[in-house]
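Structure, as structure tokens:
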Amino acid sequence: MSVTTWMAVAVFVAVYVLIATEWVHRVAAALGGAVVMLLIGATDAEHAFFSEDAGIDWNVIFLLLGMMLIVAVLKRTGIFEYVAIWAARRARGRPYRLMVLLVVTTGFLSAWLDNVTTVLLIAPVTILVCRRLGLPVVPYLIAEVMACNIGGAATLIGDPPNIMIGSRANLSFNDFLLHMTPVVIVLMIVFILMSRVMFRKAFTHDPERAASVMELDPREAIKDVRLLVISGVVILAVMTCFVLHTWLHLEPSVVAISGGLLLLGVSRLDPGDVVKDVEWETLAFFTGLFVMVGAMVRIGVIGDLGEAAAEATGDNLLATAMTLVFGSVVPSAIIDNIPFVASVSPIVSEIVASAGGTEEAGMLWWAFALGADLGGNATIIASSANVVVIGIAERSGHHISFWQFSRYGLVVTAVTATVAAAYVWLRYFALA
């Protein structure tokens with residue numbers, strides 16, 4: 001490797017250590033790392049700002065910004081308080097029952113919406129309902145974002161890596177439903193059972209608070225009916241376009257930012273007041289992270305890792321499938337899985353083609369998708385949804401450290417990846 005490559009790897013590792021140890025705020029660490037990558041020549045302005053594969057993913061940035069604007073307007077209607085009271089009443093104030101309700105809801109929504117959109121809608125509700133019941137917020141947010149990453153693997157549109165894999169492998173929406181949805185349902189059940197043990201200290205029932213919540217009328221939480229109706233129409237239009245974006249030929253980012261600006265314009269609210277609720281720190285963190293990871297893509301480090309994994313297994317398709325499951329989990333836990341999938345999917349395509357495109361070889365795509373998606377639960381920077389939830393929690397006064405998240409995330413990733421590998425193994429022998 002060249003000197004520049006070694007320097008880039010050193011910078012990336014250093015920034016990762018700073019984020020993990022919290023010696024420096026994660027936003028400062030990511031932006032500082034991006035600046036150093038530019039200065040040492042690991043990337044340049046053209047790649048950092050204009051490259052689809054090795055630079056800032058503006059589609060993600062504007063998707064986030066648009067949905068943050070929608071949520072900022074929506075919160076002023078009182079709908080989050082309404083849903084929080086409804087959820088608390090539905091769970092009858094029982095902490096574990098509440099977590100199951102929120103986890104299942106999050107997992108289901110994330111299969112049909114972008115993961116970031118799902119957590120932007122669910123996280124504020126979670127914070128409110130936990131405060132109502134006197135429950136610790138952090139365990140519920142961590143459980144939700146993990147359910148979001150698992151549920152997003154179920155469909156073609158549930159997670160950006162799935163969209164990329166579907167495009168590369170020419171896989172349809174129904175292909176994902178057939179091959180991915182069954183195992184995701186099993187993974188969700190496993191995760192719900194794990195949550196009962198992992199977060200047991202958070203399940204402290206307060207009968208008095210539960211009783212007081214049961215007496216509340218959710219309808220009284222609505223503050224602005226007109227704005228709620230307008231917001232509902234805009235959100236319905238945005239969600240419909242999300243689902244139909246492949247047929248409408250509109251990027252989700254265009255849909256989201258259009259919906260956000262439209263809702264801001266017709267809401268009659270003060271724009272300056274609304275934009276204060278946008279998670280600008282989260283957007284800045286993503287910007288720095290994209291530049292750093294893009295530099296690693298540009299200098300070939302990520303692609304080399306994928307090729308090494310493919311060469312290690314030779315022509316053994318089952319061994320390659322197992323390598324793709326576990327081998328995709330590790331890099332996806334360290335970097336965002338979007339650039340990783342972009343770099344490695346051509347390698348998987350070549351392996352499948354060289355094997356004659358058989359159904360057994362086709363299992364490699366599902367192994368790859370499961371590993372890339374499930375690795376998103378390992379650390380706070382492993383998926384976009386994680387970063388957004390960390391930002392929302394911090395803004396509401398609840399700090400989630402790197403190790404606090406990873407303590408649960410590494411266990412969940414190890415267990416779910418093992419279950420996914422067992423699924424791939426069984427499906428491979430069923431086809432052989």
Side-chain angles (χ1 to χ4, degrees), residues 18-20 22 24-31 60-84 87 102 106 110 114-149 202 221 223 231 256-257 260 263-264 267 269-290 336 379-406 408-409:
L18 290 176
I19 293 173
E22 299 186 329
V24 177
H25 194 281
R26 68 179 186 279
V27 177
L31 292 178
V60 172
I61 297 296
F62 281 101
L63 170 65
L64 284 170
L65 178 57
M67 293 311 301
M68 286 176 179
L69 287 173
I70 290 174
V71 170
V73 173
L74 192 61
K75 69 185 292 188
R76 286 160 171 77
T77 67
I79 188 63
F80 291 138
E81 289 88 343
Y82 176 95
V83 176
L102 293 172
T106 303
S110 65
D114 182 85
N115 285 357
V116 171
T117 302
T118 301
V119 295
L120 280 170
L121 295 173
I122 294 293
V125 174
T126 303
I127 293 170
L128 289 170
V129 71
C130 287
R131 285 175 176 171
R132 287 277 188 180
L133 294 173
L135 298 172
V137 173
V138 171
Y140 287 83
L141 288 177
I142 292 176
E144 282 175 0
V145 75
M146 290 181 177
C148 189
N149 289 325
K223 303 170 186 175
S231 299
I257 195 65
L263 184 56
L264 180 61
S267 66
L269 298 172
D270 179 9
D273 183 53
V274 173
V275 298
K276 289 179 182 178
D277 288 335
V278 171
E279 303 284 339
W280 296 109
E281 286 188 359
T282 300
L283 296 178
F285 179 73
F286 269 116
T287 300
L289 204 60
F290 277 133
D336 191 281
T379 67
I380 62 174
I381 64 172
S383 83
S384 303
N386 299 2
V387 176
V388 172
V389 166
I390 298 301
I392 293 173
E394 191 168 289
R395 197 177 178 91
S396 63
H398 302 281
H399 178 68
I400 302 176
S401 71
F402 184 95
W403 294 113
Q404 184 179 15
F405 187 97
S406 296
Y408 301 111

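In this chain, residues are counted from 1 in sequence order. Keep in mind that this is a model prediction, so the values were computed, not measured.
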With rounding to the nearest 0.5 angstrom, report the OG1 to CG distance, Thr106 to Asn149. 11.0 Å
To the nearest 0.5 Å, what is the distance between NE2 on His25 and CZ on Phe285? 9.5 Å
How about Ser231 and Leu263: do any of their side-chain heavy atoms sit closer than 4.5 Å? yes
Which heavy atom of Ser110 sits nearest a heavy atom of Thr118, and at what distance? CA-OG1, 3.4 Å
Between Asn386 and Val145 (side chain of the first, backbone of the second, donor and acceptor by atom type, cut-off under 3.5 Å), is there such a pair? no
So for atom OH, which belongs to Tyr408, do other residues, nucleotides or ligands contribute more than 12 heavy atoms lying within a distance under 6.0 Å? yes
Specify the closest pair of heavy atoms between Leu135 and Ala202, including all atoms of both residues, with the distance to one decimal. CD2-O, 3.8 Å
When rounded to the nearest 0.5 Å, the distance separating OG1 of Thr126 from CD of Glu144 is 3.0 Å
Looking only at non-hydrogen atoms, find the nearest pair between Val73 and Ser267 and report the distance. CG1-CB, 4.0 Å
Considering non-hydrogen atoms only, spot the tightest contact between Ile70 and Gly260 and give its length. CG1-CA, 3.7 Å
Roughly how far, to the nearest 0.5 Å, is the CG atom of Leu133 from the CG atom of Leu128? 11.0 Å
With a 4.5 Å limit on heavy-atom distance, are the side chains of Trp280 and Leu65 in contact? yes
Could you check if a side-chain atom of Val71 sits within less than 4.5 angstrom of a side-chain atom of Glu279, using non-hydrogen atoms only? no
With rounding to the nearest 0.5 Å, note down the distance linking CG in Asp270 to NZ in Lys276. 7.5 Å
Quick one: are Ile61 and Phe290 in side-chain contact, heavy atoms under 4.5 Å? yes
Does the side chain of Thr77 come within less than 4.5 Å of Tyr82's, by heavy atoms? no
With side chains defined as the heavy atoms from C-beta onward, is the minimum distance between Asp277 and Arg395 less than 4.5 Å? yes
Heavy-atom nearest pair, Val24 first then Ala29, reads CG1-N, 3.9 Å
Apply side-chain contact (heavy atoms from CB on, under 4.5 Å) to residues Val125 and Leu121 and explain how you reach the verdict. CA-CA 7 Å; Val125 174; Leu121 295 173; over 6 Å; no
Heavy atoms only: give me the nearest Ala385-Asn115 pair and the separation to one decimal. CB-CB, 4.0 Å
Hey, are the side chains of Ile392 and Val119 touching, using non-hydrogen atoms and a 4.5 Å cut-off? no
Side chains of Arg131 and Ser396: does their closest heavy-atom pair fall under 4.5 Å? yes
Between CD1 of Ile381 and CZ of Arg26, what distance do you get to the nearest 0.5 Å? 11.0 Å
